[in-house]
Amino acid sequence: MSAPQQPSACSAKLWLQTACVFAGAVAVGLVYNSASPLGLRNEAPVSTDKPADEVIPQEGYFNETLSLKLETSAAPAPQVRPTALAPGAAAATIPSLTWPQVQALMKTKKIVLVDARTKSAYDLGHIPGAVLLPGDAPVPEMQAFTARYPKDTALVLYCGSTTCRASERLARLLVGAHGFTDVSEMPGGYAEYTMAQASQPKAKP
Amino acid sequence: MKVTLVFDPRAVLRWLLAILLVWAALGKIANLQEFHAALLAYRLPMPAPLIRLVVMTLPWLEILCGILLVAGGMRKAALLWSILLCAGFVLATGQAWARGLEISCGCFQLDFPAAKQWLESVQFAFVRAMLLLAMAVWLFRSVESETA
């Protein structure tokens, strides 16, 4: 029969094991982050992108993706935010696009990429040229967006990844409540874009 | 020969906790960028480098704890870390709830809008974290009473 361990020895052993678990997790996490294309990267914002707080300026707007200069509408904005979808809008099919398809559209057709994530996610990194419009954007922000772009503007919405439904919900809202007629979604989201960027061979300096 | 099956609730809860930890970790590892953004949405009073370190290591800590809970060996240490992790989740979701932060992960794909809204809410995240914390604390105390 083995002698019972002293409480202090048990505590020391427990803390040592706890430290080992933590050290193991830190080591594996750091190695995985540096080796995997899914790891966190220090992405600096693209210099041609406007800061998020200047995405919706007060007068005039130039969007490099759309390459049009649009003037803000002089008509008074509606005071009530439409929350009810038009009949059948909920069942409307929102076309899904992959990142290569979106890339092809950007070359051949003037589209507006819309980032439906939060501002903090947008600031961390976004597809170059994308306009921020969070899924839960306040009324003034939504009104500014809908006033800036004609209803037949080709919009392509994305959010985080396939597990995020914000872009789909925003797409249905833009179609059903605001009358946009050409709205698509990129279900793979920013995750698909980063994976595509990571898989591309890096250009030599 | 008589075979007796013994139902051990501690083993069931240990497996349940392990599966939940590993499942949550795999979701985070698959998209660290989104996890980083989600963590920032909680507006925790932590410097940016520390948040990045948490993003890089927390999922692996969850996986290690899940494996050790089932495999044994350093089970007590795994339970201690599980308690710390769950306590951290309770604090993060609790302060987000108290501050009225809108955090929606869009993780659940259901056809019931009301249920989906609740499951994506910070309130549900807080309740879930509390339940996991209670489970981890109970398991830790049961292991302590075994070794005492």
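Sequence lines set the chain letters: A, B, ... in the order given, protein chains first and strands last, and positions in each chain run from 1.
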After noting the C-alpha distance and the side-chain angles of A:Phe22 and B:Leu64, does the key distance pass the side chain to side chain contact (heavy atoms under 4.5 Å, CB included) rule?
CA-CA 9 Å; A:Phe22 179 71; B:Leu64 269 179; over 6 Å; no

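- Under the ring-ring contact (aromatic ring centres under 6.0 Å, His included) criterion, A:Phe180 pairs with no residue, sequence neighbours left out.
- More than 12 heavy atoms of other residues, nucleotides or ligands lie within 6.0 Å of CH2 in B:Trp138, so this atom counts as buried by the packing criterion.
- There is no contact between B:Ala78 and chain A, counting heavy-atom distances below 4.5 Å.
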Test log, rule side chain to side chain contact (heavy atoms under 4.5 Å, CB included), inputs B:Trp60 and A:Leu30:
CA-CA 10 Å; B:Trp60 296 105; A:Leu30 292 176; over 6 Å; no

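- Atom-to-atom distance recorded for A:Asn33:CG and B:Thr57:OG1 is 10.0 Å, nearest 0.5 angstrom.
- Atom-to-atom distance recorded for A:Ser36:OG and B:Ile29:CD1 is 9.5 Å, nearest 0.5 angstrom.
- A search for side-chain hydrogen bond (donor to acceptor under 3.5 Å, both in side chains) contacts involving A:Ser96 returns nothing, not counting sequence neighbours.
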Give the C-alpha distance, both sets of side-chain angles, the deciding distance and a yes or no for side chain to side chain contact (heavy atoms under 4.5 Å, CB included) between B:Leu80 and A:Trp15.
CA-CA 9 Å; B:Leu80 186 58; A:Trp15 288 115; 3.9 Å; yes

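- Rounded to the nearest 0.5 angstrom, B:Met74 CE and A:Lys13 NZ are separated by 10.5 Å.
- Chain A forms more heavy-atom pairs under 4.5 Å with one residue of B:Leu32, B:Val55, B:Leu58, B:Ile63 than with any other, namely B:Leu32.
- Contacts of B:Leu84 with chain A are absent, with no heavy-atom separation under 4.5 Å from either backbone or side chain.
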